[in-house]
Colleague: 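Take this structure first; my questions come after.
Here is the naming used below: chain letters follow the sequence lines, and residue numbers restart at 1 for every chain. Quantities reported herein were computed from a predicted structural model and do not represent experimental measurements. These values consider heavy atoms only, across backbone and side chains, with no hydrogens, waters or symmetry-generated copies.
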Amino acid sequence: MPDLHGLIYAYHSSSALGELVVPRTSASLPFCSRYRLIDFALSSMANAGIRDVGVIMQRDYQSLLDHLGSGKDWDLSRLSGGLCLLPPFGMHDSHFGEYNGCMEALSAVRTYINNIKQSHVVIFRSDLAVNLDLHEIFDSHLASGCDITAVCADCSLKGGSSKIRFVPDTPNTSKQMLFSGLGQKEALSSIEVYIIRKSLLVELIEWSRTNGKQHFHRDALAHYLDEGGTVGLYFHKGYTAHITSVSDYYSANMDMLNQGYRRDLFFDDRPIYTRGRSSVSTYYGDNASAKNSLVADGCYIEGELQNCVLFRGVRVKKGAKLTNCVIMQDSVIGENAVLNHVIADKYTAFSDGLVLSGSSVLPITVPKCKTV
Amino acid sequence: MKKECIAMLLAGGQGSRLHALTSRSAKPIMPFGGKYRIIDFPLSNCANSGLDVVGVLTQYQPLQLNSYIGSGQPWDLDVQRGGVYILPPFQSAGEKGEWFSGTANAIFQNIGFVDMWEPEYVLILSGDHIYKMDYSDMLEQHKQHEADCTIAVIRVPLDEASRFGIMDTDENGFVYKFTEKPKKPESDLASMGIYIFTWKKLKKYLIEDEKNPESQKDFGKNIIPSMLGNEEKLWAYDFSGYWRDVGTINSLWESNMDMFSPELFDLYDRSWPIRSRSPIKPPHYIGENATISHSIITEGCDIRGTVTNSVLSNSVSVGDDAIVNCSILMPGCSIGNGAVIEYSIIGENAEIRTNAHVGAAPDDFNNIKIATCGPSSVVYANAQVEAGEIVYTKKGEE
C-alpha cells in the first residue's frame, strides 16, 4: 500500500459549463456513456492501491453524494479510512459562500488534513478525464526527492487546458512557473494534479492562513518556488481532457469515439470504476442502425445513430435520427425526431417529429428533465 | 435467527447435455441473454419476492460460480440478517463426508443450515431455468391450502411431456399422481422443479429417504412419490408465464432468441428487475461500417461488422466485414475479420479467426442444428465448422 493519501477537489464548477452544472458540480458530470468525471480521479487512486481518499465538496453536492454512496464501487468503503466526504463544516473562523481558491478550501478541511496518516498526498481535480498511473507517478515523486511533483500533459490540442505551466530546468524538475499559455515553448502544461509531501501541504496551508492567501498556484506554490523550492515534473502521455466549458464537454465526449483516445482511458490493467446500475443489455430493433457510436447498457434503439454517445437507459424510437449527439441517462427520443449536435441531460424527452439542430461549435444543451 | 421461509438453490449439476459449454464451469453460471447468467433469474426472483436467505448448493466446478455470487451484493442479498450462502459438500467430525448423491441428499446434508433459520417453509429451486416468478404468491397458496408440499406446474405440449415430471390433479387442484419423465404421459401439467415444503414434513421425509438404500435421493423420483404414497397434501401451483429449461444446446439457443420478444419475456420491465454482477467495462462501440439490427449488445463490445438476430454478452469483438446471424456470442469471444457465424453458440473467450465459417442456416426450420464452439476454443483462419458440429478446443490448422 503506497504511503499516499488522496484528496479530490469537488467543490468547484466552471460557470462555462452552463446548464450542465445547474443540477450538479462538474465532479458528477456524466461522461462517456456511463461514467461521472470524478470516477477518473477515484479509479486512478484505487488502481494505485490508495485506500484513504477525502473529497472536498461545498455546494450542489447532492448528485455527487448519490453517486459516491459509501465508496464501495471504488473499493473505498473500508473499516477504517476509505472514502471520506468533506462538506463545509462550521469552524469559528469559517465563512459562508463559495471558496475563493484552493487554499481556502484546504484550509477549511485542515483538521482532516492534519490527521492524515500518510506522508504524501495526491491532490486531484475532479473535472479531468484522464487515467493516471499514480503508482508510477508516486515512484517518480519519491525518486526526484522533491517535496512536490506536478503531473503535466500535452493539453495543447484539448480545449480547456490549464494555463499553469512549468519551465523545466532539468528534464524532471522545475523552478519556474508560468501563468499563461504563451511563450517558452519548452514549458510543460500542468494538469493540476500534484503529489505533495504532507508536511509541506500543512505548512503551505498555515502560511496561506496567516497571510490571507487563497490560491494554490498564484499564492502557495509561487511562495514555495520563491523560497527556492523545486517542483518535480511527471509527464503523462495518454489522453487528458480538462472539462471546463460546454464545448470542452462536447468535444471530450466526441473524442471518445476515437479508438486511440478511448484506449488511453479504458483498459483492463487500470479499469475506470463507476457506480453500478445493473441494467439489461441494449436492444437494437429491426430497423435500427448505428454507426461510429458509443452506447451504454439498458438502451432500446429502434432509430438511427451516427457519431453519438448514449448513456444508460436511453430510448430512441422508430424513425428517429440522431447525429453527433450526447444523450444522457433515461432520455426518450420520440418517433421521427431528428437531432443534430444536441447534448441532452438526464431524463429529457423529445416529442415525435421534433427537429433540433445545433452545430459543433455551439451544441444545443437541453437541461435535465426538460421536455422538448 | 428465525425466518418464515428460506430458499435452497440446487446449483451443483453438471449440465451434461451442454457438455461442450460446461467443461470448466457449472451450468448455473452459463451466460444468458447478453447481460446475465442463468442463476441470475432464481436469485433475482428471490430478492424480488422478499426472500433474503438463499443457500446455494454447489458441487460441480464451483470456482467461477462461487466468485460470481460473492457476497450476493448484485442481487441486494448482502444483508446482515440473512444473505446468500454457498453450501458445498462437507465433512463432519467422525464421518467420512460424501458428495451430494441426489437433489434430496444435498438438502439432507444441509439440514443443519436450514435449521439455523428455524423456517416454517423451505423453497427448493434449481439453477437452470429462465423465468420470473413471485415466490411469495406461491407461498401464499401453500399456506392457504395448508399443503405439505406445493409444486409449481406449467402446461407443456403433450408430445414434450415425457421430458418432465408430470402430475395429475384432482378437481380441487391437489396432486394425486406424479410420474418423473413418463414414457406415456397422461397429463400436460409439468413440474417446474420448484417446490415449497413445510420444513418439518420435508425434514422427516429426508431422514427416512436417507435410510432407504434403494432410493436415488431425488425430489422427483423419491420424496414426492413417498409423500403421495402417505397421502400428504400436495398442492399444484399453476404458473402461466414464460419458463424454459435450458438444459440442451437447442433449448439454450431458442430461449436466448426469445429474449427479443418482450411479449414472451420482458427483460426491460423495471418492476421485476433481473440483476447480474457486471464486469467493469466501458460502453460498447459500433464502428463506422457496422450494421446492426434485431440484436442484444452488452458493454465492452466492439462491433465493426454485421450483427443481426443475435445475442452478444460483454466484451465481444466482431471484426470488419464479419457477419454474425442468429447466434449467441458469450463474454470475451472474438470474431475475426470476414468470419461468418450463423446459427451458432460461441463460448466464453473463444476465438474465431479471419474468414472462418461457423454453422449454417438450416434447410429445415423444424430441425435446426446449432454449431457450438466451447469456451476458449480456437477456430483457425478459413476453417469451416458445420451446422450442428461441436468444437471443443480447436478446429482447422494454424
Colleague: Is it true that atom NZ of A:Lys321 has more than 12 heavy atoms of other residues, nucleotides or ligands lying nearer than 6.0 Å?
Modeller: no
Colleague: Might you point out which heavy atoms bring A:Ile272 and B:Ile280 nearest each other, and give the distance in Å?
Modeller: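 For A:Ile272 versus B:Ile280, the nearest heavy atoms are O-CG2, 3.4 Å.
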Colleague: Output the option from B:Gln73, B:Arg270, B:Arg277 having the highest count of non-hydrogen pairs under 4.5 Å with chain A.
Modeller: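 Greatest number of close heavy-atom pairs with chain A: B:Arg270.
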Colleague: Considering non-hydrogen atoms only, spot the tightest contact between B:Lys35 and A:Ser281 and give its length.
Modeller: N-OG, 3.0 Å
Colleague: Under 6.0 Å from the CD atom of B:Gln80, do we count more than 12 heavy atoms belonging to anything else shown?
Modeller: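 Result for CD/B:Gln80: open.
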Colleague: For the candidates B:Pro282, B:Ser313, B:Pro74, which exhibits the highest count of non-hydrogen atom pairs separated by less than 4.5 Å from chain A?
Modeller: B:Pro282
Colleague: A:Tyr300, A:Phe266, A:Tyr283: which one forms the most heavy-atom pairs within less than 4.5 Å of chain B?
Modeller: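 If we count pairs closer than 4.5 Å to chain B, A:Tyr283 comes out on top.
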Colleague: Strictly less than 4.5 Å between heavy atoms, which residues of residues 290-311 of chain B line up against chain A? Please order them by number.
Modeller: B:Ala290, B:Thr291, B:Ile292, B:Ser293, B:His294, B:Ser295, B:Ile296, B:Ile297, B:Thr298, B:Glu299, B:Asp302, B:Arg304
Colleague: Under a 4.5 Å heavy-atom cut-off, does chain B meet the side chain of A:Arg262, its backbone, both or neither?
Modeller: side chain
Colleague: Tell me, for A:Glu302 versus chain B, whether the close heavy atoms (under 4.5 Å) come from the side chain, the backbone, both or neither.
Modeller: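 Contact with chain B is absent: no heavy atom of A:Glu302 under 4.5 Å.
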Colleague: Indicate yes or no: at least one non-hydrogen side-chain atom of B:Ile286 is less than 4.5 angstrom from one of A:Gln306.
Modeller: no
Colleague: Between A:Ile301, A:Thr282, A:Leu310, which residue shows the highest count of heavy-atom pairs closer than 4.5 Å to chain B?
Modeller: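 The answer is A:Thr282.
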Colleague: Less than 4.5 Å to any heavy atom of chain B: does that hold for the side chain of A:Asp73, its backbone, both, or neither?
Modeller: neither
Colleague: Charged N to carboxylate O below 4.0 Å: is that the case for B:Asp78 and A:Lys72?
Modeller: no
Colleague: Quick check: are there more than 12 heavy atoms from other residues, nucleotides or ligands sitting under 6.0 Å from NZ of A:Lys318?
Modeller: no
Colleague: Which value, rounded to the nearest 0.5 Å, describes the distance between B:His284 atom NE2 and A:Ser33 atom OG?
Modeller: 8.5 Å
Colleague: To check you understand the geometry: which heavy-atom pair defines the closest contact between B:Pro283 and A:Tyr35, and what is its length?
Modeller: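 That closest heavy-atom pairing would be CD-CE1, 4.0 Å.
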Colleague: Mind checking which of residues 285-297 of chain A sit less than 4.5 Å from chain B, heavy atom to heavy atom?
Modeller: A:Gly285, A:Asp286, A:Ala288, A:Ser289, A:Ala290, A:Lys291, A:Asn292, A:Ser293, A:Leu294, A:Val295, A:Ala296, A:Asp297
Colleague: Side chain, backbone, both or neither: which part of A:Cys32 has an atom under 4.5 Å from a heavy atom of chain B?
Modeller: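 The answer is both parts of A:Cys32.
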